[in-house]
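First the structure, in the form of structure tokens, and then the observations on it.
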Amino acid sequence: MAVLAVVLLAGGGLVVWLLSGSGDDPDEEGGLAGEPGRMSRISSAPPPSPTSSPLPSPPPAKQTPTDNPSALIDLPGETRDGGGEFDRETMLDREVLPRSFAEALLETDLGKGLLRTTIVDEEVTIGLYAIEVGDQAEAVSMVEEYGKTQVNGSIPHSRELSLQGVPAYASPDDGNSFYRTAYALYDRVIVLDVFGDDPDRVRDMFVEIRDEQIAHAPPSTTDF
């Protein structure tokens, strides 16, 4: 009986020790992830910061332009040869656009196009296009196709110069700098092409003309 009493007392002490824990702090290193102290540290961590902020918004859309001339602003500088109207029959022959993009346009319900082109101080060349493609869905598709043409031609996308619905592409190399964009204006694609020798001046001219153009005729959609 005495031996049995000792065994029972020892067993009871073991049960109390197990229920109360080993005496270690559950928040110490090496504690299980399911322990309350460890979980409180994990759940109180701040959420990760977003990787990038949204692009700036262009001005709100306006009414549909009545024709191509009314869709475009007047450009600074002296008028260059090669501008004016073009259509399905004359676009490829006149080589007013990159051939791969022009061929993609031929797959749309292509109507009239208008190119306004000038040169500023014999240094910066500007080309501004309005191209009728049938409807807004086709216009969005051609904006995306224009972007592929630029990237494939080693003129990468520039997030820094882009707006919502107005993606920009830039190759700011000394001696041969290109800054370009395109956007959807109802059933038209608007394309801006600025190039020259001085990267800083070309960039400044691009931003100036782009901002004037989208203030005059903002994109009709940014949902892409």
Any chance you could measure [X], atom [atom1], to [Y], atom [atom2], to the nearest 0.5 Å?
| X | Y | atom1 | atom2 | value |
| --- | --- | --- | --- | --- |
| Ile155 | Arg180 | CD1 | CZ | 4.0 Å |
| Arg88 | Leu105 | CZ | CG | 9.0 Å |
| Leu110 | Glu138 | CG | CD | 10.0 Å |
| Thr125 | Ile119 | OG1 | CD1 | 4.0 Å |
| Asp87 | Ile131 | CG | CD1 | 12.0 Å |
| Phe224 | Gln136 | CZ | CD | 9.0 Å |

Between [X] (side chain only) and [Y] (backbone N and O only), is there a donor and an acceptor less than 3.5 Å apart?
| X | Y | value |
| --- | --- | --- |
| Thr118 | Pro76 | yes |
| Thr108 | Ala104 | no |
| Arg116 | Ile73 | yes |
| Asp173 | Asn176 | no |
| Thr117 | Arg80 | no |
| Ser220 | Tyr186 | yes |
| Arg188 | Thr64 | no |
| Arg94 | Gly83 | yes |
| Ser141 | Ala137 | no |

- request: Please report the C-alpha distance between Ile126 and Leu192 in whole Å, then the side-chain angles of each, then the deciding distance to 0.1 Å, and finally whether the side-chain contact (heavy atoms from CB on, under 4.5 Å) criterion is met.
  value: CA-CA 7 Å; Ile126 307 167; Leu192 173 62; 4.0 Å; yes

Between [Y] and [X], is there a side-chain heavy-atom distance shorter than 4.5 Å?
| X | Y | result |
| --- | --- | --- |
| Asp197 | Ser177 | no |
| Gln150 | Phe101 | no |
| Thr90 | Val96 | no |
| Pro56 | Gln164 | no |
| Leu185 | Pro219 | no |
| Pro58 | Thr222 | yes |
| Leu128 | Ile190 | yes |
| Pro172 | Tyr179 | yes |

Salt-bridge test for [X] and [Y]: reply yes if a basic N is under 4.0 Å from a carboxylate O, no otherwise.
| X | Y | value |
| --- | --- | --- |
| Lys148 | Glu144 | no |
| Arg201 | Asp121 | yes |
| Arg203 | Glu160 | yes |

task: Run the numbers on Lys112 and Glu132 for salt bridge (charged side-chain N to carboxylate O under 4.0 Å, His left out), then give the verdict.
output: CA-CA 6 Å; Lys112 296 287 187 180; Glu132 302 167 356; over 6 Å; no

Looking at [X] and [Y], what are the two nearest heavy atoms and their distance?
| X | Y | value |
| --- | --- | --- |
| Pro199 | Asp174 | CG-OD1, 3.2 Å |
| Ala170 | Leu161 | CB-CD1, 4.4 Å |
| Pro218 | Pro60 | CG-O, 3.1 Å |
| Tyr146 | Ala182 | CD2-CB, 3.6 Å |
| Ala102 | Leu92 | CB-CD2, 3.6 Å |
| Ala71 | Ala130 | CB-CB, 4.4 Å |

message: Checking Asp67 against Ser70: is there a side-chain donor and acceptor pair closer than 3.5 Å?
response: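 On atom types as modelled, these side chains qualify, holding a pair under 3.5 Å.
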
Are [X] and [Y] connected in the hydrophobic side-chain network, where two residues link if heavy atoms are under 4.5 Å apart?
| X | Y | result |
| --- | --- | --- |
| Val140 | Ile214 | no |
| Leu72 | Leu75 | yes |
| Val151 | Phe206 | no |

field: Trace of the side-chain contact (heavy atoms from CB on, under 4.5 Å) decision for Asp109 with Asp135
entry: CA-CA 8 Å; Asp109 188 13; Asp135 59 35; over 6 Å; no

message: For Val191 and Val143: C-alpha separation, side-chain torsions, deciding distance, then whether side-chain contact (heavy atoms from CB on, under 4.5 Å) applies.
response: CA-CA 9 Å; Val191 176; Val143 170; over 6 Å; no

CA sep, side-chain torsions, deciding dist, call: Leu55, Arg159, side-chain contact (heavy atoms from CB on, under 4.5 Å): CA-CA 8 Å; Leu55 293 174; Arg159 179 178 175 82; 3.7 Å; yes

- request: Measure up the Phe86 and Tyr129 rings against each other and bin them: parallel (under 30°), tilted (30 to 60°), perpendicular (over 60°).
  value: perpendicular

message: Just to verify, which of Val207, Val202, Ile209 counts as forming a side-chain contact (heavy atoms from CB on, under 4.5 Å) with Met205?
response: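 One option only clears the test, and that one is Ile209.
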
- request: Go through Glu95 and Arg99 one step at a time and tell me if the salt bridge (charged side-chain N to carboxylate O under 4.0 Å, His left out) criterion holds.
  value: CA-CA 7 Å; Glu95 297 182 346; Arg99 189 167 189 88; 5.3 Å; no

